[in-house]
Structures are given as structure tokens and as C-alpha cells.
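What follows is a set of notes on a single structure, which appears directly below.
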Amino acid sequence: TDPAAIRNFCIIAHIDHGKSTLADRMLQITEVVDPRQMRAQYLDRMDIERERGITIKSQAVRLPWTVRDGDRTGEQVVLNMIDTPGHVDFTYEVSRSLAACEGAILLVDAAQGIEAQTLANLYLAMENNLTIIPVLNKIDLPAAQPEKYAEELAHLIGCEPEDCLRVSGKTGDGVSHLLDEIVRQLPAPTGGDAKAPARAMIFDSVYDVYRGVVTYIRVIDGRLDARDRIKMMSTGAVHELLEIGVISPEPIKSPSLSVGEVGYLITGVKDVRQSRVGDTVTLNSRPATQALGGYKDPKPMVYSGLYPLDGSDYPELREALDKLKLNDASLVYEPETSAALGFGFRCGFLGLLHLEIIQERLEREFGLDLIATAPNVVYRVVTDDGKEITVTNPSEYPHGKVAEVYEPVARATVLTPNDYVGAVMELCQGRRGVLQGMDYLSADRVELRYTLPLGEIIFDFFDQLKSRTKGYASLDYEPNGEQASELVKVDILLQGEPVDAFSAIVHKDKAYAYGTTIASKLQKLIPRQQFEVPIQAAIGSRVIARETIRAIRKDVLAKCYGGDISRKRKLLEKQKEGKKRMKMVGRVEVPQEAFIAALSTA
Ligand code: GDP
Ligand code: MG
């Protein structure tokens, strides 16, 4: 295809503002999907994406289009649409997808207005020098206020309110006009050099059981032919090309991909780590000398221990993690042993959603029952003798000889209606946040910028924000360096023995609250035993909270007054079942749910 007849664009929006629905309408209007095959969220292929209604992996689709109206009526073009994941955990993938485009549709729900991720994505698009087409979506909704939000949007990006297009992804209203405007307003990818050595940027890479790794690329210079041998510029690894082609929206083989084109390639490698997002593909026979910018190793921000509920499932868990890793270069894990939970893995994730998704996939796709320990961030600890330790698990925290501790910090943006500014500030201050700036986006909507310890955001911050603002505030954050803090490790002891799975690293002003909360929760969750069980929270050897579970004689049969044998048997069976879900911690039986309940709401 002549680059002048290509338009590469993405759709960026806050979550739920309608990207996937709009993408569906585009597939329909351009007739690339047979009407009988059409289903909602066509491009979200993973079960979990469909059920949660979120996009995790990017998708690229080629849409042939003939302009319908205006001065360019009849002009034939190829539109490459890239649907991007909208969640903060996957920002790096979003930014790579953006780098593969010349333009972006900035989609805003006409009943909601601008939200935190609208801004975050807009800034990413601007950093990538994309041409932006502002679009208000869901104009079919009775609650839509397109006039009001066109003002807001125009003010934000510096255009006229009339420049904001209006569509409904649901009814299809305005979508054909939007496609025409993409052709008119977005630049064609004419900047590349067709004669130069080939360079293509990888913006996504997925593992397919049948075909191995499928790599999505945008050709910047030169041309890739189906018979070439390609070279990954970051590693120098050379692979045979088995297939190249375009997605429309099913894969279609093609003999070559040239300047400006978007498509896929398959080399037969089995591990996405060999074909990483952001890397540059070139030809082995005539390699480029300079890689395209933008390759970054994903860095885990949140760690959690994953343990099989049934210890004998450990080998299955290892195998399942190995398989998921083929499809997710950002997942890291290593074996770990917990005195309380047995054998498991310490896993690193990009964020909380990433953790949830991996846990859910392990349970669903591999049939495992898992316990995830409370998530924690990564601490850098400098000891008295000048050694530096990276702590990804509270149990590794060196006792007594800590000189300095550094915790990761995030830059957070909260958008909220005026009325809730006080509530948001109170929440952020309670989480050790520092206000960096505040702007009015319109008369009644405020943008608050804070720096906050990342560790304070990963525990129920988002839920708190939603409940304190009746759901109206939105949040976006990104990691932004580290700071020295006064942190301590709080241990929880049962009968004088510390239980590793309950330890946490917290700010010293919050240690007391953490200790009392956990101790009293455990006091309620752990059933009485044959002996007294003291529960203590301690910092080093200093006890800061104490509860006691009193002893009972647990003679269930005594209640039956003899006689009814079947009732006796039932009781015995019940007691046995109760036992199965207990973990022995020292001499104390701790029910499985104590680990989950005490940790998840800490
Ligand atoms: P995404 O998270 O940006 O991909 O958003 P989705 O496309 O999944 O849409 C989120 C929700 O908004 C879904 O319930 C859609 O059915 C609904 N939705 C999307 N577009 C429209 C629209 O134009 N009108 C109405 N009424 N609902 C819409
Ligand atoms: Mg979506």
C-alpha cells in the first residue's frame, strides 16, 4: 500500500468511556466482519477481558475505507486502528501503541466529561506528537451534555468546541463521519524511508498455543518480506520468518509489509520475552544500525506471595506460572517458603489489577485454588554497615540494624467535582500525600496533583476515593522515584512465635493502628483451641498490641445427650470438614480465611 493512503490511529479514553464499543462499530461500518459473526467487544479476545469489560492486550486491525462525504468522497484508504488497554498498570503498552500511530481519537463520555485517565492518555499522546481528534461519545444517552463537555474538552486541548465530533458507539451515529475525518485530519505515515534498511517497532507480542508468539509491528523504514530472516536489535537474536500479514480482524497472510504499514509476524519462538514490546526488528541480511527509541524492561511495582491452598498443587502452580510467563514479559516470580503457608512463589506485578488478573487466570485457566498474601511495594534498605538490600517481602526486612529505608513514590492525579475537594484532600493527607498543585478544568471540576507513597495507594485507596466522592472522582498515578521514610516492620506473633505471612512494613505512625487491627481481627477469626493462645503485635522485641483467645474444651458430642446417632455423625463430619481448611501454625489451628481476611483489608 502507498503510505499516502494509510492512516494509523488509536483510540484513547478513560476506562468505560466506550473505546471497545466504538471499535466494534468501526468493524461493522467498514464491513470487515461478517454481520453474522459480529459480537460485542469483538477485539477483546481473552475471556477475562470480555467478562470484566476491560482491554488488557492491545489489538491492531486493518480497516479498508472509502471516504463517504465531503471534498474527498470516493478516496480509498487503509485505516489501521489500534485499540489500547486503558488501565494505569499497562501504561507502557499504551505508550508503545501510541508510538505506532500518527493520530489519536480522544474519546470522552458525553455524560461524564474528562476523567483522570483521559488526561493521562492525552499527555502520552502529546508526548508522542500525535494529532488529536476530540470526540464526544454516548450522545444517545439522555444524560449526555455534549455542549458542556465540548467546552471542557476544547479548553483542555486548545481547539474550538465545534471541533469536537459527536458519536454514539452504541447506535453508530456519527461513526462514518468520524472515519472520514480521520482521513482528512490525520497525517499519512509518509516520513519513513522506503529504501533504507528495514526497521519495524514491536508494539505488542502475544503467545498463541497453536502459532507460538505473534508479534505486532509497525514498519517505520524499508520493507519486510515473508522469506526474510529478521534480527531483534536489543539482543541480536536472529529468527526465520514463518509468516507475516495483517489483521482484518482475522489474520491474513501477505507477501510483505512496507513503510507505514501495521501487521504481524510469526517466527516460531515460544516465549514473548524473545520478542519484546518496544524492541526494533530489522533484516539480518541488511541490518539497520540505529534502533528506534523506546525499549523498556517492565519493572514490577507490587509483590505478593502466591500459595496453593492445597500444598500438593505446588508443581502445578509452577507449571502454570511458566506458561503465563510466555505471554506476559512483565510477570516475575521466584520460589519462596513461608513457615505459615508452606511452599509458594513471590511474584512481582505491574500493579494491583495485574495481580488480580494473574491470580484469576491461574485459578480459572489452570484450576488452582490460591492464597495471595497482602501485596507490598519494593523497599530499599541500607543497613548500619552500609549494605543495601532490596526487600520484596516483609520477612526479609533486616531487624535492628537499619540505617535508612526508601519507599517508592507515585505521582497521582485526582479529578473530582468541586464539592468533594475537601474529602479528597483529607484522604490524601491521611495517606501521607503532599499536594503539588490544583487546577480548575471547568467551573465545577478540579484536578488535584499529589505525590503519595506507592504503598499507600495499593491498599484500598481507590475504593476509599470512590466511596468518599460517591463514585465521582477518578484517579491516575505513575511511579515517580523514591523517598527516605520512617518505616518499621510489624510482626504478628501467635503463642510467642512470629507468623511470617502476617508481617507488614508500615510507617511508624501507623504501626500501632496496624498491630491492633490485625490482632483483634485474628482474635475473632481464629477459633478457640484446647489451650490459651496469646496474639501479639510487635516491632522488634517491643509488643505494641495484645489479644488473647481463651481456651475451651471442644467436646461437640457432649451437646447431643446420647441417643440420636445420625446427628452425632453429622456433627463429627462437620468438625472434620472444618479441620480440613485449617493451617497448623505451630500448635495453633488457623483457618484459611484468617490469612485472606486479615491481609486483604489491612
Ligand atoms: P471501554 O472500557 O472504553 O472499552 O468501554 P466499553 O466499550 O467497554 O463501554 C463501556 C460501557 O459503555 C459498556 O456498557 C457499553 O455498552 C457502554 N457504551 C459504550 N458506548 C456507548 C454509547 O455510545 N452509548 C451508550 N448508551 N452506551 C455506550
Ligand atoms: Mg475496552
Side-chain angles (χ1 to χ4, degrees), residues 1-3 6 8 57-62 78 80 82 92-93 95-102 189-298 325-330:
T1 316
D2 176 2
I6 297 176
N8 297 319
K57 298 302 274 185
S58 321
Q59 291 281 351
V61 187
R62 182 184 174 102
V78 165
N80 288 306
I82 295 170
Y92 180 64
E93 293 201 11
S95 82
R96 288 307 85 201
S97 304
L98 296 187
C101 304
E102 277 73 39
T190 47
D193 182 348
K195 303 222 162 52
R199 291 197 298 176
M201 190 195 67
I202 300 180
F203 64 87
D204 200 10
S205 199
V206 297
Y207 176 74
D208 179 303
V209 246
Y210 302 107
R211 310 196 298 162
V213 173
V214 180
T215 301
Y216 294 91
I217 51 160
R218 148 83 198 257
V219 180
I220 306 290
D221 291 320
R223 197 175 84 176
L224 296 178
D225 282 304
R227 299 246 177 78
D228 286 332
R229 281 155 70 88
I230 55 160
K231 185 168 169 177
M232 299 295 172
M233 291 194 73
S234 72
T235 59
V238 175
H239 303 289
E240 203 81 46
L241 269 186
L242 301 182
E243 185 181 322
I244 60 177
V246 298
I247 309 278
S248 193
E250 303 308 325
I252 300 169
K253 282 187 208 179
S254 88
S256 67
L257 287 176
S258 49
V259 174
E261 288 195 290
V262 172
Y264 70 92
L265 60 84
I266 294 175
T267 60
V269 304
K270 287 266 181 288
D271 184 341
V272 287
R273 278 172 294 179
Q274 295 186 35
S275 199
R276 278 205 180 170
V277 172
D279 203 352
T280 304
V281 176
T282 188
L283 287 183
N284 188 41
S285 56
R286 193 181 162 224
T289 48
Q290 187 99 58
L292 301 159
Y295 173 71
K296 193 170 91 180
D297 260 331
K325 175 89 194 171
L326 294 178
N327 199 9
D328 187 346
S330 54

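A quick note: this is a predicted structure, and the numbers were derived from the prediction, not measured.
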Fill in the blank from the handout: The reported gap from OG1 in T282 to CE in M233 (rounded to nearest 0.5 angstrom) is 5.5 Å
Problem - Whether S205 side chain and V277 backbone form a donor-acceptor pair below 3.5 Å - result: no
Handout entry: Test item: N284 side-chain N/O and R229 main-chain N/O as donor-acceptor pair under 3.5 Å
Key = no
Problem - Listed partners of D271 passing side-chain hydrogen bond (donor to acceptor under 3.5 Å, both in side chains), at least two apart - result: R273
Practice task
Give, for atom CG of L241 and atom CG of L224, the distance between the pair rounded to the nearest 0.5 Å.
Solution key: 6.5 Å
Handout entry: Qualifying residues under side-chain hydrogen bond (donor to acceptor under 3.5 Å, both in side chains), relative to R286, sequence neighbours excluded
Key = none
Fill in the blank from the handout: With sequence neighbours left out, the residues meeting side-chain hydrogen bond (donor to acceptor under 3.5 Å, both in side chains) with R223 are D225
Problem - Listed partners of P189 passing side chain to side chain contact (heavy atoms under 4.5 Å, CB included), at least two apart - result: I6, N8, E102, R218
Completion exercise
Value for CD1 (I82) from CG (D204), rounded to nearest 0.5 Å, stands at 9.5 Å
Exercise for the section: Would you check if the side chain of T280 reaches a backbone N or O of L292 as a donor-acceptor pair within less than 3.5 Å? Expected result: yes
Exercise for the section: Hey, could you give me each pair passing side-chain hydrogen bond (donor to acceptor under 3.5 Å, both in side chains) that has a residue in residues 252-266? Not counting sequence neighbours. Expected result: T1-E261, R62-E261, E243-Y264, S258-E261
Completion exercise
Residues F203 and A100: closest non-hydrogen pair is CD2-CB, 3.8 Å
Practice task
Mind listing the closest non-hydrogen atom pair of L283 and D228 along with its distance?
Solution key: CD2-OD2, 3.3 Å
Handout entry: Those residues that, when tested against A196, pass side chain to side chain contact (heavy atoms under 4.5 Å, CB included) (two or more places apart)
Key = D193, D221
Handout entry: Atom pair CG/CZ of D279 and R276 - distance to nearest 0.5 Å
Key = 9.0 Å
Practice task
Ignoring hydrogens and angles, tell me if any N or O in the side chain of R199 forms a donor-acceptor pair with the backbone of Q290 under 3.5 Å.
Solution key: yes
